[in-house]
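Counting starts at 1 for both ligands and their atoms, in listed order. What's counted below: heavy atoms across the whole structure, side chains too, no hydrogens, waters or symmetry copies.
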Amino acid sequence: MNTLTIRRPDDWHLHLRDGAMLRAVLPETARHFARAIIMPNLVPPVVTGAEAMAYRGRIMTALPEGADFTPLMTLYLTEETDPADLAAAHASGLVTAVKLYPAGATTNSASGVKDFDRVRPVLEKMAEIGCPLCVHGEVTDPDVDIFDREAVFIDQVLDPIRRATPGLRVVMEHITTSDGADYVRSAETGLGATITTHHLIINRNHILVGGIRPHYYCLPVAKRETHRRALRAAATSGDPRFFLGTDSAPHVDAAKETGCGCAGCFTATNTMALLAHVFEEENALDRLEGFTSLHGPAFYGLPPNEATLTLTRSGTPTAFPAKIETGDGPVTLFDPGFPVYWSAP
Ligand code: NCD
Ligand code: ZN
């Protein structure tokens, strides 16, 4: 029996949803994580400081008694976002970051940005006040192949935005390619990236070979094996520019197992055990704490958590629930497809 004690982790990219779904999935995250960046892609999205305040209230109400969890709120950037409203919400400590979705890039992103020049004043304000921009890095041009959308976004959108807005701190969310990891490494300062648990485990074959597996479908879609290996190398490198953002994105089974299924993998429940497995496989267990608990706070200018989490490795595979029940219907937990011997309390 082995144990590994690390500072309590944070999740720098999380979808908690609202209502019955929020009440069901929040305890899964709060059990292990002390803080999480809460994605604002509700319907309608969380756009203003007042909306973030109300959503934060609903999250706090849904927290289990005695839970030690702080939601770090974000605003959904639209072409109508008011720089003054954002600055006030950031100054008060309510809002930690702003999320940029290219319009139509992913689940509930219809209100996202079409014309990047129209958000220039907001981006300049963010650079001035030190509010990070979290970016969904995929172009939405129908002529660009879905597997190329991250690399094209870096060249056509992200690099121009960063050059035009010196001082803007940017997090490339859920990178899925070696291009993403290389771009992050190319920057001197002010650029970081989150990496999900599932992108360290699956490649595109897992989604498509031997039958279509809707619970492995997420956006950005998993790429070929060389990219998965590049992500593992980045996550386990100890480079502080890479940190955990699970992108745990619950959808009820009825919305996944259908003719046009939603994108999103639900990993909140087993993420820490899966990461211990991955880091052990890479002979990098000593770097797990950096990835899950140190690099993210350093990027966001926050202290690391004082409390700890102890992971345990036992001789028998850990039994994770196949699904969690929600008031909206069952949600299938991400299944790595191999036995995992690690567990977290
Ligand atoms: C996310 C969701 O369901 O909200 N889906 C996903 O596949 N990751 C949206 C997102 O982060 O792209
Ligand atoms: Zn997401």
Let me see the working for Arg118 and Asp115 under salt bridge (charged side-chain N to carboxylate O under 4.0 Å, His left out), right down to the final yes or no.
-> CA-CA 6 Å; Arg118 296 197 54 184; Asp115 178 355; 5.2 Å; no

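A donor-acceptor pair shorter than 3.5 Å cannot be found between the side chains of Thr197 and Thr267. Between the side chains of Thr177 and Lys223, no donor-acceptor pair of N or O atoms lies under 3.5 Å.
Nearest protein neighbour of atom 9 (C) of ligand 1, counting heavy atoms only, is Thr106 OG1, 3.3 Å.
Cation-pi check for Arg169 over Phe299 is met; the charged atom lies under 6.0 angstrom from the ring centroid and within 45 degrees of its normal.
Those atoms of ligand 1 with a heavy atom of Gly264 less than 4.0 angstrom away are 5 (N), 6 (C), 7 (O). Of all the atoms in ligand 1, the ones that sit under 4.0 Å from a non-hydrogen atom of Asp247 are 6 (C), 8 (N), 11 (O). Applying the 4.0 Å criterion to heavy atoms of His13 picks out, from ligand 1, the atoms 11 (O).
Where the criterion is an N or O separation shorter than 3.5 Å, residue side chain and backbone included, Cys218 fails it with respect to ligand 1.
Across all their heavy atoms, Thr165 and Leu123 have their closest contact at CG2-O, 3.7 Å.
Between the choices Leu42, Asn41, Leu219, Thr196, the shortest heavy-atom distance to atom 6 (C) of ligand 1 belongs to Leu219.
Residue contacts with ligand 1: His174 is included, with a non-hydrogen atom under 4.0 Å away.
Relative ring orientation between Tyr216 and Phe334 is described as tilted, the plane-to-plane angle lying within the 30° to 60° band.
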